[in-house]
Amino acid sequence: MRITDVLRAVPSLTIDMPIMLRGAVGLLTLKPTATASIGLVFQQAAAAHPDRPFLRFEGVDLSYGEANKRVNRMASALAQRGVKPGATVGIMAANAPNTLLAALAAVKLGAAAGMLNHNQRGEVLDHSVRLLGAAALVADADHRDLLPDALDLDTLADRGSTDADPATCASVQAKSTAFLIFTSGTTGLPKASAMSHFRWLKSMSGLGRLGVRLRGDDTLYCCLPLYHNNALTVSLSSVLAAGATFALGRSFSASRFWDDVVLNKATAFCYIGELCRYLLNQPERPAERQHAVRVVVGNGLRPELWDDFTQRFGIKRVAEFYGASECNLAFINALNVPRTAGRARCRTPWSSTRATPPSAPAAGCARSRPARSGCSSPRSPTAPPSTATPTPPRPRRS
């Protein structure tokens, strides 16, 4: 990374400086023992701007205020089923507003939302359910036959006795578990990776405020499954950091992607893996230049695709990041330098992270200074939640 890269980024950084300063404060001051949680962030956002759209699905809006009330009713219903702080709520459902709201209901109670992959069946699903040890299971209409004991997601809010904020939300500590995200199971049965409120809040500060830098009138479109951290952590934290709008896509379709982006009035979107290649392989269509997207966030945009992708689709800024669920070090391309995922000031032979093909070194870095022992930067608190070479979503041909 050259000084010219930094100078080129100065104008946009100046505009976004208040957002970035807030993110820096969050990174430096938040402690695991703090009373801070995802549910509290959402609850405070709803109180601050109740009429602002929080969730947009297929062009239909749900305001922050109404979403919070529905979440509270869901939390009330779960509490009636014995869900308490430290418990787990298993959720098996496709992308839809109630899926996200149920996850928020669980974390408001101080419980963990165990996001089951709704494509799992048989032994794999049985293993995942046993692993959760859930106090309650919730499933949508398409998956209730797989979990006969599950509560009906679509009527869960109707079971609640109140839409008031649960008292437990104000006492959840950052160190407690918020989400359980399952691995793909390519090397054996799936494992549940725990995402604490602390790491999610650090992601909100590091990725959301320092990297993505949405504003209150922005809309981030995400068609990735909610059982994936790029949706539940990267996308949601970026939205809540700004009090912006989360436009949730039902699923990824290469042929309808840009139509959905335009329909949902998105100004940002989240990608993963080969999603960008799938879009480039599609024939040109008017919608791909009729959108208002100004920034995208994700990981896995290959260097050989970077220029073609940004130029063809008119993407002004790419917040590519590199990180892993089990790693406490992360990189984010905050300066919009092409074909990179940021830079860390470490005294190692690999100090500048670049988007690289799978054959490159694990950290995707370009060799710079000679190796020296130790690292000059403190333990990184951003810790974003995805692998460097994630499994891409399967494109729908329709």
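Not measured: the values here are computed from a predicted model. We're numbering straight along the sequence, starting at 1.
Between Glu320 and Asn299, some side-chain heavy-atom pair lies under the 4.5 Å cut-off. Using a 4.5 Å heavy-atom threshold, the side chains of Tyr227 and Ile181 count as separate. Proximity of Leu156 to Asn98: side-chain heavy atoms (C-beta onward) are nowhere separated by under 4.5 Å. With a 4.5 Å cut-off on side-chain heavy atoms, Glu284 and Arg312 count as touching. Residues His197 and Val172 meet the side-chain proximity criterion, which asks for heavy atoms closer than 4.5 Å. A heavy-atom distance below 4.5 Å is found between the side chains of Phe313 and Leu280. At least one side-chain heavy atom of Phe179 sits less than 4.5 Å from a side-chain heavy atom of Val107. Contact check for Leu40 versus Ser37: side-chain heavy atoms found under the 4.5 Å cut-off.
Note that CZ of Arg209 is 12.5 Å distant from CE of Met20, once rounded to the nearest 0.5 Å. From Gln282, atom CD reaches atom CZ of Arg256 across 11.0 Å, with rounding to the nearest 0.5 Å. For the atom pair Phe321 CZ and Ser203 OG, the distance stands at 7.5 Å (nearest 0.5 Å). To the nearest 0.5 Å, atom CG of residue Leu146 and atom CD of residue Gln120 are 10.5 Å apart. In this structure, Ile315 CD1 and Phe309 CZ are separated by 5.0 Å, a value rounded to the nearest 0.5 Å. Distance check, rounded to the nearest 0.5 Å: CG of Leu125 to CG of Asn117 gives 9.0 Å.
When the side chains of ILVMFWY residues are joined at heavy-atom separations under 4.5 Å, either directly or via intervening members, Leu210 and Ile19 end up in two distinct hydrophobic clusters. If you chain together hydrophobic residues whose side chains sit under 4.5 Å apart, Ile38 and Leu55 fall into the same group. Note on Leu30: it clusters hydrophobically with Trp200, by side-chain heavy-atom contacts below 4.5 Å among ILVMFWY residues. A continuous path of Ile, Leu, Val, Met, Phe, Trp and Tyr side chains, each step under 4.5 Å between heavy atoms, connects Leu207 with Leu232, placing both in one hydrophobic cluster. At a threshold of 4.5 Å between side-chain heavy atoms, the hydrophobic network of Ile, Leu, Val, Met, Phe, Trp and Tyr places Leu151 and Leu147 in two separate groups.
A ring-centre distance under 6.0 Å is found for Trp258 and Phe269. For Tyr221 and Phe257, the distance between ring centers is under 6.0 angstrom.
The backbone N or O of Gly110 lies less than 3.5 Å from no partner atom in the side chain of Thr168, so there is not a single donor-acceptor pair. His228 places no side-chain N or O within 3.5 Å of a backbone atom of Pro225 that could act as its donor or acceptor partner.
Salt bridge absent: Asp152 and Arg159 never bring a charged side-chain N and a carboxylate O closer than 4.0 Å. Between Arg215 and Asp16, at least one side-chain nitrogen of the basic residue sits less than 4.0 Å from a carboxylate oxygen of the acidic one, meeting the salt-bridge criterion.
Between the side chains of Asn68 and Asp165, a donor-acceptor pair is found at a separation under 3.5 Å.
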Run Ser196 and Thr177 through side chain to side chain donor-acceptor pair (under 3.5 Å) and show every step you take. CA-CA 4 Å; Ser196 68; Thr177 301; over 6 Å; no

- Message: If you apply the rule side chain to side chain donor-acceptor pair (under 3.5 Å), what do you find for Tyr64 with Gln43, and how did you get there?
- Response: CA-CA 9 Å; Tyr64 270 88; Gln43 188 170 290; over 6 Å; no

Next item on the list: Run the numbers on Glu304 and Arg277 for salt bridge (Lys or Arg N to Asp or Glu O under 4.0 Å), then give the verdict.
Entry: CA-CA 10 Å; Glu304 69 271 16; Arg277 190 187 299 272; 3.3 Å; yes

Show, in sequence, the C-alpha distance, side-chain angles and deciding distance for Thr267 and Asp218, and conclude whether the side chain to side chain donor-acceptor pair (under 3.5 Å) test is met.
CA-CA 6 Å; Thr267 56; Asp218 275 317; 2.6 Å; yes

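Atom CZ of Arg52 has more than 12 neighbouring heavy atoms from other residues, nucleotides or ligands inside a 6.0 Å radius.
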